[in-house]
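The block underneath contains the structure these notes are about, expressed in structure tokens.
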Amino acid sequence: MKNKKIVFMGTPDFAVGVLQKLIDNSYNVVLVVSQPDKYVGRKHILTSTPVKQVALDNGIEVFQPEKIRKDYNRILELKPDIIITCAYGQIIPEELINLPEYGCINVHASLLPKYRGGAPIHWAKINGDEKTGVTIMYMDKNMDTGDIIKVEEIEIRDEDTTESLFDKLSIMGADLLIETLPSIFNKTNKRVPQNEDEVTYAYNIKREEETIYFDKDGKTIINKIRGLYSWPLANFKIDDVEYKILEAHFEKKNVKEVNKIEVTKNAFGITCNDGIIYIDKIKPFGKKAMDIKDFLNGIDKEKIKDGKIN
């Protein structure tokens, strides 16, 4: 079973745990396919994807096509027994999906058919869901529509952020894949079609969806702040100056109006429908992230207090 040829396709940190688990369990990963390297940071340094780096560290060949739909001959040449994908980032062509004897398997970070798409963890937290999880599934020609092999769920805690859920689900996904692979290779696994009546989508976060509007209830706002942490980060503006929120908490209170800025010596809050959102860690435009006390020490409190949220 472990001599079966595996092509692994993945790109970000979330997929690293899955690849590493395959390697640690002595599976025969003959090729890693990842997105092309990107220039990162102010110094514009060409940087390998996290998955590529793991492959290189373990002496595994790496293939990085610009467009997998047009450039996949290297995979055909290897004749893999199975293709395993996890957060790869491109649509896989049908010829590849239908190529391996044991199929093209995807590790997806949601309880399918809920949250098909590229940002399932973000939207589960933003929407205030009580649970999320990982689905091991067969791929087909459409996005996240294939038959389900196995599912495992986890509770979403109030204090969870997208970052903390990424960490938990990455580990869960890797463990669930290793648990499931023997039945896939033995062809004894379940294959359950998705219920199309229960489908929802979780497309990648758009820039305009990062903005916080304070005419909502506090729980909804906090879920969004935590759902956008640690990337891309929630933001708001005071007098056209953008601030990003890293950490915040909510205190339920009777308020006379929303969008009112509350500033004291050690606290910075903005009123919402049913209380005040207190910001605990903030990143002003063009500056580093800082604790709110450091932020307040460096501003004109009266000026910002009179500012307009927009």
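No side-chain N or O of Gln35 forms a donor-acceptor pair with one of Thr11 less than 3.5 Å apart. For Glu77 and Asn73, the side-chain atoms include no donor-acceptor pair closer than 3.5 Å. Thr188 and Ser183 are not linked by any side-chain donor-acceptor pair at a separation below 3.5 angstrom, with hydrogens and angles left out of the test.
The six-membered or imidazole ring of Tyr102 lies near that of Phe185, with a centre-to-centre distance under 6.0 Å.
To the nearest 0.5 Å, atoms CZ (Arg116) and OH (Tyr203) are separated by 9.5 Å.
Electrostatic pairing of Glu242 and Arg207 counts as a salt bridge here, judged by a charged N lying under 4.0 Å from a carboxylate O. Under the 4.0 Å criterion applied to side-chain N and carboxylate O atoms, Asp81 and Lys5 are not assigned as salt-bridge partners. Ion pair Glu152/Lys150 not flagged as a salt bridge, since none of the NZ, NE, NH1 or NH2 atoms sits closer than 4.0 Å to an Asp/Glu carboxylate oxygen. Looking at Asp239 and Lys303, no side-chain N of the basic residue comes within less than 4.0 Å of a carboxylate O on the acidic one, giving no salt bridge.
At least one test fails for Lys4 against the ring of Tyr27: distance under 6.0 Å to the centre or angle within 45° of the axis.
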Step-by-step salt bridge (charged side-chain N to carboxylate O under 4.0 Å, His left out) determination, Glu130 to Lys125 = CA-CA 8 Å; Glu130 294 182 354; Lys125 182 61 186 181; over 6 Å; no
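A perpendicular orientation is assigned to the rings of Phe295 and Tyr243, their planes being inclined by more than 60° (bins at 30° and 60°). Ring geometry, Phe236 versus Phe214: the interplanar angle exceeds 60°, so the pair is classed perpendicular (tilted spans 30 to 60°). Taking the six-membered ring for Trp and thresholds of 30 and 60 degrees, Phe166 and Trp231 have ring planes more than 60 degrees apart, a perpendicular arrangement.
Counting heavy atoms from C-beta outward, Asp306 and Ile261 have side chains that stay 4.5 Å or more apart.
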